[in-house]
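First comes the structure, then the notes that go with it.
Letters go in sequence order (proteins before strands), and every chain restarts at 1.
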Amino acid sequence: MKPFEIVEEPIQSQRYVDYVLHAGAGAVTVFTGHVREWTHGVRTLYLAYEAYIPMAEKTLAQIGAEMEEKWPGIKTAIVHRIGELHISDIAVLIAVSSPHRKAAYEANEYAIERIKEIVPIWKKEIWEDGEEWIGAQKKYPGKGKK
Amino acid sequence: MKPFEIVEEPIQSQRYVDYVLHAGAGAVTVFTGHVREWTHGVRTLYLAYEAYIPMAEKTLAQIGAEMEEKWPGIKTAIVHRIGELHISDIAVLIAVSSPHRKAAYEANEYAIERIKEIVPIWKKEIWEDGEEWIGAQKKYPGKGKK
Amino acid sequence: MDRRTEKVSGEREEMNMITVNYFARLRELTGKTKETIERGSMTVQELLDWAEETYPGFGKDTVHVAVNEEYALKEDVIQSGDNCAFIPPVSGG
Amino acid sequence: MDRRTEKVSGEREEMNMITVNYFARLRELTGKTKETIERGSMTVQELLDWAEETYPGFGKDTVHVAVNEEYALKEDVIQSGDNCAFIPPVSGG
């Protein structure tokens with residue numbers, strides 16, 4: 001397992017928790033994003049995730065570096081799954097350990113916001129009567145922007 | 001397993017995650033508090049936790065009710081371990097599922113703050129050269145205060 | 001006093017019993033996990049005063065009282081049969 | 001023109017090659033995962049203009065460009081041999 005990775009198989013949470021845990025960690029936060037059955041009254045059958053894998057892993061690692069700069073002392077792992085995902089499957093997992101809890105919460109939430117901004121991963125929702133690539137329009141990002 | 005409980009054995013995280021997960025959950029946050037080796041430059045050998053068990057489980061359930069009132073649609077489980085705990089052992093676990101991530105983070109952090117305020121659980125730190133019951137002095141709480 | 005009065009009197013005395021529980025530092029200070037106090041009723045403040053007097057160093061100003069597993073105010077009245085607990089500053093998590 | 005010059009010229013032509021990758025909606029629109037463009041250099045803006053012209057509906061105003069796995073600015077210059085990717089609005093998480 002790599003601390004910042006894209007996988008095609010089900011995400012095994014414990015691996016990433018074990019990776020961030022150490023004797024100096026007093027708090028661990030784990031966020032998992034799951035495939036939800038209903039979104040705005042429309043029933044999702046399944047999702048298809050696609051990634052530009054090398055750049056996605058690079059940007060995940062970049063987010064990890066940003067986090068460790070902002071919250072010194074934390075340790076982070078982030079994994080995103082691609083391929084066909086069904087209801088309740090884990091799409092993304094963020095594990096953060098920290099000596100104290102505040103940083104573990106803040107850094108974790110920062111990670112998911114940044115993932116949604118810069119990591120080249122795309123989600124297609126497949127419903128009973130159609131499908132669509134999801135993605136909010138964002139301003140053109142600055143180079144090396146944090 | 002009960003959704004709000006005090007246990008004497010190692011906390012098995014997956015049970016509580018499975019309990020809060022459902023088809024409508026798009027986000028799950030799990031917080032675990034661990035025994036840390038060093039606190040303010042003093043090395044902890046182990047911790048001894050003690051609880052007023054029936055009242056502790058009741059106040060954990062009360063915190064869960066407060067959370068579900070503040071963040072409708074979430075589902076929560078909280079477990080605290082007592083007895084002798086060693087470095088990296090999980091002392092407390094809070095699992096929150098929610099349709100959307102914001103509530104899952106906020107409610108989870110609310111839970112740990114409230115646990116530290118009202119749940120009758122006490123921690124004794126045992127070092128190489130001594131031991132001490134830990135506990136910040138708090139104002140006398142109001143009845144039914146939230 | 002006939003037997004009937006005696007019996008009633010005896011029952012009343014049996015009911016003059018408030019249970020108190022000790023935890024953590026207070027359990028070690030008192031050397032007890034619980035005991036009973038022969039009182040028919042008292043306020044939470046009176047219970048705290050009693051504890052401080054009985055166990056020097058009790059530290060009543062930082063100790064809360066739960067009556068039947070609910071936090072109680074200092075002016076609340078404890079009745080015979082109630083199950084009380086002294087709650088020193090908590091440190092869970 | 002002697003053989004040596006021809007050869008150098010040939011190598012130069014081989015190097016007029018920018019690789020572009022397509023993902024998600026753009027992969028479906030173009031029917032391609034990648035292709036090469038015979039250009040020695042161009043700006044990111046020129047690449048986006050080329051894509052819009054070549055593939056109607058490309059939506060260049062919402063598409064970002066990565067050059068060698070780094071987000072690039074519109075004025076950045078892409079060189080022959082660079083590996084580019086069109087990044088439509090991301091939706092991970």
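When each of B:Ala95, B:Ala91, B:Ser97, B:Ser88 is checked for heavy-atom pairs under 4.5 Å with chain A, B:Ser88 comes out on top. The residue among B:His100, B:His22, B:Gln14 with the most heavy atom pairs within less than 4.5 Å of chain A is B:His100.
One finds no salt bridge joining B:Arg101 and A:Glu109 here, because no Lys/Arg side-chain nitrogen approaches an Asp/Glu carboxylate oxygen to under 4.0 Å.
Contacts from residues 28-40 of chain B to chain A, taken as heavy-atom pairs separated by less than 4.5 Å, involve B:Val28, B:Thr29, B:Val30, B:Phe31, B:Thr32, B:Gly33, B:His34, B:Val35, B:Arg36, B:Glu37 in sequence order.
Within a 6.0 Å sphere centred on CD of A:Glu113, other residues, nucleotides and ligands contribute more than 12 heavy atoms.
In this structure, the portions of A:Ala23 lying under 4.5 Å from any heavy atom of chain B include both its backbone and its side chain.
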